[in-house]
Q: 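Sending over a structure as C-alpha cells; questions will come in a sec.
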Amino acid sequence: MPIVPLKFRESDDDLLLFADDAGGYFKSDSKFLHRYALGRLEPSDIRFLHDHGHGFEEIGDLAYSGFEHRFASRQYVPHELDYIILVPTLRCNLACGYCQVSRVNENTPGFDWDEKTIEAVLRFLGNLATRKIKIEFQGGEPLLRLDIIKRVRDYCRVKFEESEFVICTNLQDVSFEAWKLLEQPDVFTSTSLDSNPLTHQFQRTITAEKTNTFFKNLAAAVEKLGPGKVSALPTINPHNPPLPQSVIDTFLDFGIRSIYLRPVNYQGFARRKFDARASAKIWNQYHSSFIDALVELNWISDQPVEEYYFVHCLRRVLRAGHNGHVDLRNPNLVGYGYLVIDHDGELYPTDEARMVSRIGQFDLSMGDVHSGLSRDTVDAFNAEALNNFHPDCVHCPYQAFCGVDLVDDLSRYGRIDLPKHLTDFCQRHTYIFDKIFSMIYSDDPKVRKSLAIWSGSPRFDGSLAKVHR
Amino acid sequence: MISLSIQVEPFPIVEPLIVRLQESGTEARSQHDAVLLDIDGHRREYNFQGFSFVVRTPPDECIDGDVLLVLPGQTSAHRLIRASSHHNTLLVTEQCDQLCVMCSQPPKKYHTDLFDQFAVAAALAPQGAMIGISGGEPLLHKTRLFEMITKVAVERPDIRFHVLTNGQHLEPSDVETIFQLGRERILWGVPLYSANRNTHDRIVGKDGAFARLELGLVTLMRAGASVELRTVVLQQNWSDLPDLATFINTRLGFISVWALMQLERIGYGRMNWDSSFQDTSTEFEQIRRAVDIATARGIRTSLYNFPLCSVPPEYRDFAPSTISDWKRKYLEFCTDCGARGTCGGFFQWYSHNEGFAALGPL
Ligand code: SF4
Ligand code: SF4
C-alpha cells in the first residue's frame with residue numbers, strides 16, 4: 001500500500017513530529033523513522049498510516065481522493081477583486097515613531113487626492129465586476145478627508161448590492177460629522193491601541209493631553225458603536241515590550257477580546273527609529289509569553305480572549321481550506337483579491353508593497369488609477385510566491401500550514417532568495433508552529449481549555465494529538 | 001399529526017393525475033390548477049378544467065397551493081407538496097438493495113414508476129422550495145431520477161432537492177450529470193455508520209456496501225456535490241463514532257455537514273429498538289468526542305432528532321430542531337419547558353417508557 005511522503009522535525013518530548021503535504025500530522029519515535037526511511041514498515045505502521053490518511057490502496061480511491069481534496073483546499077485561489085484599500089491623504093495629525101505607512105504633516109500640501117484622482121477612483125470602482133465591496137480607508141489620517149470618504153461611500157452604496165467601509169483612524173480628532181459617519185451600520189472603525197496608556201503615549205501620542213483625548217474617544221467609540229464595530233491593533237516594540245497582562249487588561253477594558261499583536265514593522269520611516277532587523281527571536285519569546293498569559297486568563301475567566309494570528313495559525317494546522325486571511329496563505333498571490341490605491345493614484349498589491357516601492361527598493365506598483373491596472377511586474381513576482389517547491393520548505397513539516405511573504409523578504413533583505421531559515425518570516429513561523437504543536441501535545445488542562453476555545457469546539461479531544469508507537 | 005393524504009370524491013381518470021389546489025378568485029396558472037369554488041363544512045369543491053373536483057378536509061385546514069397525486073379509482077389522494085411546509089418528500093420507490101437495522105421505510109419488491117407525475121408536481125411547488133427525494137433507494141432508478149430532476153431544473157431553476165441515497169449506485173460516469181445539475185441544486189443525504197467496514201456492512205445488511213459507498217462518495221466529491229453525511233447513532237456503532245470523525249476528516253472533508261442522528265422508532269427501527277437504541281441522555285461521551293474532533297477540524301456537525309434536554313448544555317447549539325412538523329410531538333413534561341421553541345421534540349412513534357431515561361424541562 002503506497003504511503004504519502006512524510007516530513008519530520010524533532011520536538012521537545014523526544015519524539016518526532018511527522019507531517020504530510022496535505023497537513024496530516026502525528027508523532028512517533030526514531031525507530032519508526034528508521035523503518036520508514038529504510039522501507040521496512042511493519043503491518044501495524046501501515047495500518048496506522050492508512051487509518052490516518054497518510055496512505056491509500058489505489059489511485060482514485062476514497063483515501064487518495066480525500067488526500068487530494070485536503071491538499072487542494074490548502075492552496076489559496078484568489079477570487080475577484082472586491083476589497084480596495086484607499087489612501088485619500090498622506091497627511092496626519094500624529095507623528096508616531098514607527099509610522100508604518102509613512103506620513104506627512106497635517107498641513108503639507110500636495111499629498112491628497114485631487115479632483116481628477118477622485119473621479120478616476122470612482123470610475124475604477126465603477127468598472128469592478130463584483131457585487132459586494134469592502135473599502136478600507138487608510139492614510140495618513142483619513143478622517144482629515146471626510147468629504148472624500150462620503151463621496152466614495154455614497155457612490156458605492158448605489159453601485160454595489162452590498163458595501164462595507166472600514167475607517168482606519170487614530171481617533172485623535174473626531175468631529176461631530178465624523179461621529180455621524182462612524183455610527184452608520186455599514187461603517188466600521190479600526191484604530192491603533194498600543195498596549196496600554198503609557199506605551200501608547202510613548203509610541204504614538206507623546207503628550208498626556210493627546211493620550212487622554214485618544215482614550216476618551218476610544219471609550220466613546222466602543223460605547224456608541226458597540227465593541228463588534230470597533231477593532232484595535234497593538235503595535236509592539238519587541239525590544240521594550242509591555243507586560244502581556246497590561247495589554248490584555250487594556251483591551252478587555254474596552255470589551256475587545258481578540259488581540260492581533262504586531263511587531264513594529266521594519267519598513268518605511270520606521271526603520272530609522274527602531275531596529276527591528278533580526279528581532280524575530282525576542283519577538284517570538286514575547287509572543288510566547290503572551291500566549292501563556294492568555295492561557296492562564298482563559299482558565300479562570302468565562303470571557304475568553306485570543307491572539308488573532310495565533311488562532312489563525314492554529315486553525316490552519318487543524319483544517320484545510322482556512323485561507324481567509326491575507327497575512328498567511330499559500331500561494332500568496334497578490335494583486336487579485338484586493339489592492340491599494342495610494343494618495344497619488346498609484347496602484348499597489350498590498351500596503352507593504354507600497355512601502356517597498358516608496359523607498360525605492362523595488363517597484364511593485366501595478367499602474368495607476370488613471371491609466372489602469374497592469375499586473376506584469378506583480379505576476380512575475382507571484383510566480384515565485386509559493387512554498388510548494390521551495391528547496392527549504394519542501395523538507396519542513398509545517399509547509400502545508402505555512403505560507404510565503406516575498407514582499408517582507410524583499411523589504412528586509414532586498415532579495416527573495418535567501419535560505420528560508422535565515423528569514424524573519426521563517427523564524428517567526430517555525431516558532432509559532434512549534435508553539436502550536438507543543439500545546440496540541442500538552443496534557444495541561446489549562447492549555448487544552450484554551451485550545452478548545454480557539455479551535456471552536458467544546459473540548460479539545462486527545463485524538464488530535466495522535467502518537468504512533 | 002398532519003395527514004399526508006386527503007379524501008377526494010371519485011374522479012373519472014385512467015391515468016394518475018396531478019392537481020394543484022388554488023384559493024378561490026385566482027386564475028388557474030397551469031393546466032394542473034384547480035380553483036376553489038365553494039366550501040361547505042368538510043367539503044371543498046374546485047373547478048378543474050371545467051369539471052367538479054371535490055376534496056374533503058376539516059374547514060380550518062389550509063390546503064391552498066398544495067399539490068395532490070390522484071390515482072385512478074382511489075378516494076384518497078397523496079398530498080405530495082404541502083405549500084405551507086418545508087418538509088415535502090417524494091417517495092419515488094420502495095425498492096432497496098440494503099436492509100438497514102433501523103430502516104424506517106422497509107423495502108418492498110415492486111416499483112411503480114411515477115417519475116413523470118413527480119416532475120410535474122415538483123414544478124408546481126412554491127417558490128424556492130427544497131423537495132426531499134426518498135425511498136427505498138431512489139438511485140435504483142437513476143436514469144429516471146436524473147431525467148426528472150433535469151426536467152424540473154429547466155422549468156424551475158429555483159427548486160432544490162434533498163436526495164436521500166445509500167450511495168451504492170453512483171459511478172464515475174455520473175460525475176458529469178451531477179456536475180451539470182449544479183452544486184446548489186441537490187443536497188445529497190448519504191448514510192455512513194462506521195469507519196469500520198464490517199460494522200457498516202452489518203448495519204446496512206449488505207456485504208461490500210462500505211466499499212461501494214466509498215466509490216459513491218468519490219463520485220460526489222469529484223462532481224463537487226453538496227453532501228449531508230448521515231450517521232444514525234446506534235448501540236452497534238456507538239464506540240466507533242470518534243474514529244468515524246477522524247475518517248471524515250481525512251477522507252470526506254468536502255461534505256457540507258455531518259449529521260449525527262437519533263433513532264426513529266418505526267419500521268425496523270421499532271423492531272430492533274432494544275438492540276439498537278442508544279440512550280444518549282444518560283451517556284453522551286462518544287458523541288461528545290465525535291463532535292469535538294469534527295468541529296476542531298472545521299467540519300460542520302449537527303445533531304438531528306435529539307430532544308434538547310438529552311444534550312449537555314455546551315452541545316445544544318449543535319442540535320437544531322429537525323423532526324418534520326407532521327412527524328413531531330411533545331411529551332407532558334414539555335409543557336413547562338423554556339426550550340420548547342427551539343427543541344424539535346419527539347417522533348410521533350417515540351415511546352417514552354422504552355426511550356430516554358434522563359429528560360426533563362429546561
Ligand atoms: S517558511 Fe520556514 S516554517 Fe514556513 S514552510 Fe518554509 S521552512 Fe517551514
Ligand atoms: S422538555 Fe421537551 S421541549 Fe424541553 S428540551 Fe426536553 S424534549 Fe424538548
Side-chain angles (χ1 to χ4, degrees), chain A residues 4 20 22-26 47-74 302 311-312 314-324 436 440 448-466, chain B residues 167 170 172 175 190 192 195-197 210-224 227 229 240-255 284-301 303 311-319:
Chain A
V4 299
D20 62 35
Y25 65 84
F26 63 94
R47 204 174 323 116
F48 174 87
L49 292 169
H50 186 262
D51 286 350
H52 294 92
H54 311 285
F56 53 94
E57 263 147 39
E58 56 185 288
I59 289 180
D61 69 10
L62 185 64
Y64 183 93
S65 307
F67 184 90
E68 275 185 305
H69 190 274
R70 278 184 290 135
F71 175 83
S73 309
R74 285 183 176 278
D302 51 0
V311 169
H312 178 64
L314 172 68
R315 292 188 175 192
R316 277 181 69 85
V317 167
L318 296 172
R319 307 172 180 179
H322 197 65
N323 303 322
I436 285 170
I440 288 179
R448 307 193 76 78
K449 184 178 178 196
S450 275
L451 287 181
I453 294 166
W454 296 338
S455 65
S457 57
R459 287 190 322 192
F460 196 75
D461 193 77
S463 70
L464 298 163
K466 276 274 170 355
Chain B
L170 289 162
V175 167
V190 184
L192 170 64
N196 178 318
R197 58 189 63 220
F210 184 89
R212 291 293 310 225
L213 176 56
E214 283 196 302
L215 292 177
L217 288 165
V218 170
T219 297
L220 291 172
M221 184 191 313
R222 299 225 171 260
V227 170
L229 198 74
D240 295 359
L241 297 178
D243 283 350
L244 182 54
T246 301
F247 182 90
I248 292 169
N249 172 52
T250 55
R251 277 123 165 116
L252 295 168
F254 74 101
I255 60 169
F284 197 74
E285 184 60 13
Q286 305 302 326
I287 294 185
R288 193 188 265 273
R289 293 197 54 205
V291 172
D292 287 338
I293 296 168
T295 307
R297 295 299 196 173
I299 291 155
R300 194 155 80 79
T301 305
L303 303 174
V311 177
E314 323 87 272
Y315 294 83
R316 287 191 190 137
D317 282 349
F318 293 92

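All values below were derived from every heavy atom in this structure, side-chain atoms included, with hydrogens, water molecules and symmetry-related copies excluded. The chains referred to below are lettered A, B, ... by the order of the sequence lines, with proteins before strands, and numbering in each begins at 1. Every value quoted in this text rests on a predicted model; they were computed, and no experiment measured them.
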Q: Who among A/Ser65, A/Ser73, A/Gly66 has the most heavy-atom pairs with chain B under 4.5 Å?
A: A/Ser65
Q: Do B/Asn249 and A/Arg319 pass the side-chain hydrogen bond (donor to acceptor under 3.5 Å, both in side chains) test, and can you show the C-alpha distance, the side-chain angles, and the key distance before you say yes or no?
A: CA-CA 9 Å; B/Asn249 172 52; A/Arg319 307 172 180 179; over 6 Å; no
Q: Just give me the residue among A/Asp61, A/Leu62, A/Leu318 that pairs up with chain B most often, heavy atom to heavy atom, under 4.5 Å.
A: A/Leu62
Q: Without swapping roles, check the side chain of A/Arg315 against the backbone of A/Trp454 for a donor-acceptor pair under 3.5 Å.
A: yes
Q: Which residue out of A/Ala22, A/Ser455, A/Ala452, A/Gly462 racks up the most heavy-atom pairs below 4.5 Å with chain B?
A: A/Ser455
Q: Using a 4.5 angstrom heavy-atom cutoff, name the option from B/Ile293, B/Ile299, B/Thr250 with the most pairs to chain A.
A: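 Going by pairs under 4.5 Å, I would pick B/Thr250.
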Q: Is there a donor-acceptor pair under 3.5 Å between the side chain of B/Arg288 and the backbone N or O of B/Pro312?
A: no
Q: I'd like to know if the side chain of B/Arg297 and the backbone of B/Thr246 have a donor-acceptor N/O pair within less than 3.5 Å.
A: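 Checked: no pair found.
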Q: Side chains of B/Tyr315 and B/Phe284: closer than 4.5 Å at any heavy-atom pair?
A: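 Touching, per the 4.5 Å side-chain cut-off.
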Q: Tell me which of these, B/Thr295, B/Asp292, B/Asp317, has more heavy-atom pairs under 4.5 Å with chain A than the rest.
A: B/Asp292
Q: So B/Phe318 and B/Val311, do their side chains get closer than 4.5 Å, heavy atoms only?
A: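 No, side chains not in contact.
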Q: By a 4.5 Å heavy-atom criterion (distance strictly below it), what part of B/Phe254 contacts chain A: side chain, backbone, both, or neither?
A: both
Q: Do you know which of A/Ala63, A/Gly456, A/Pro458 has the most heavy-atom pairs under 4.5 Å to chain B?
A: A/Pro458
Q: Examine whether an atom of B/Leu215 lies under 4.5 Å from a heavy atom of chain A, and if so say whether it belongs to the side chain, the backbone or both; otherwise answer neither.
A: neither
Q: Evaluate salt bridge (Lys or Arg N to Asp or Glu O under 4.0 Å) for B/Glu314 paired with A/Arg459, printing each intermediate quantity in order.
A: CA-CA 9 Å; B/Glu314 323 87 272; A/Arg459 287 190 322 192; over 6 Å; no
Q: Go through the atoms of A/His54 and report whether side chain, backbone, both or neither lie under 4.5 Å from a heavy atom of chain B.
A: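 Contact with chain B: none, neither part.
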